[in-house]
Amino acid sequence: MNEHPLSAETTVAQALEISAHVGPRLMARRTACVGCYLSRFCTLRDTASYYNFPVNPFIDELKQATSDIIVSQGGLHA
Amino acid sequence: MNLCTVYPWQLFGALGAVRETAEYPASAQALEDSASLAMSSKQLTGLLQRRPALSMDMMQLMTVYIQEMQLRYRELATERVEQRICRAMLRLVAQSGHRVEDKIELSVSREDLAEMTGTTLHTVSRVLAEWHRQSLLDAGRERARLLEPHALVRMAEGLP
């Protein structure tokens with residue numbers, strides 16, 4: 001079983017590298033994370049905390065938006 | 001004035017490949033013990049002729065330098081000094097900052113910041129003292145620790 005590479009401890013910079021679908025989700029939540037100087041230091045948990053939204057639904061939303069990663073790995077959602 | 005900071009393995013001083021007699025209006029100064037590799041203008045020109053892909057890489061590099069210069073020029077012309085210092089620090093954070101405990105730290109002196117932002121040491125000291133008073137950062141002799149990095153991002157971007 002393939003584990004999804006995104007978690008609450010993933011940094012924003014890593015998340016943006018993992019999938020092109022992460023950027024639009026971050027913008028849809030009206031964050032300024034895309035292009036931010038701090039993206040290498042902030043985790044997705046930090047983002048949720050700073051913008052005051054619950055972390056677990058946020059991570060689930062990102063995993064859903066990036067489920068093609070798992071598909072391409074021939075895993076769960078194939 | 002600091003025009004540009006060069007990081008490990010970054011190409012610099014390649015103007016001679018285009019114009020052999022070109023003279024730089026700036027000089028390079030090492031911030032720490034460093035070693036640099038050099039080649040003559042003739043060698044570099046020959047290499048570019050034999051390997052055209054290198055020309056594209058050089059153009060990419062020059063484009064980055066031009067963009068950075070244009071950005072710095074715009075900042076000098078239009079932004080308040082606090083905003084310029086803030087942007088310079090955040091740019092350094094993005095390039096070479098590191099986590100210490102749960103804070104972000106960077107190696108930079110007040111002199112470096114003054115040169116990077118085209119202002120005086122006195123002004124940098126005044127601005128850093130004010131930020132220290134607001135608990136935004138803790139500045140030492142050759143380093144700064146960001147206590148409220150997001151507040152600095154808001155300031156750099158001119159956000160409320």
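Protein chains get the first letters and strands the later ones, always in sequence-line order, with residue 1 at the start of each.
Between B:M89 and A:Y37 the shortest side-chain heavy-atom distance does not fall below 4.5 Å. By the 4.5 Å heavy-atom criterion applied to side chains, B:L152 and A:L38 are not counted as neighbours.
Sparse packing is recorded around CD of B:Q29, with 12 or fewer heavy atoms of other residues, nucleotides or ligands lying under 6.0 Å away. Crowding of B:M56 atom CE: a count of heavy atoms from other residues, nucleotides or ligands under 6.0 Å not exceeding 12. Counted within 6.0 Å of NE2 on B:H98, heavy atoms from surrounding residues, nucleotides or ligands total more than 12; the atom is thus considered enclosed. Surrounding CD of A:E61 are more than 12 heavy atoms belonging to other residues, nucleotides or ligands, all under 6.0 Å away. The neighbour count for A:Y50 OH, taken as heavy atoms of other residues, nucleotides or ligands under 6.0 Å away, is above 12. In the displayed structure, B:R143 atom CZ is contacted under 6.0 Å by more than 12 heavy atoms of other residues, nucleotides or ligands.
Atom-to-atom distance recorded for A:C36:SG and B:H150:NE2 is 5.5 Å, nearest 0.5 angstrom. Going from atom OG1 of A:T11 over to atom CZ of B:R99 covers 9.5 Å, rounded to the nearest 0.5 Å.
Interface remark: B:V93 contributes backbone and side-chain atoms alike to the contact with chain A (heavy atom separation under 4.5 Å). Heavy atoms of B:L90 lying under 4.5 Å from chain A belong to its backbone as well as its side chain. Only the side chain of B:E157 comes within less than 4.5 Å of a heavy atom of chain A; its backbone N, CA, C and O stay farther away.
Closest approach of B:A94 to A:R40, counting heavy atoms only: O-NE, 3.2 Å.
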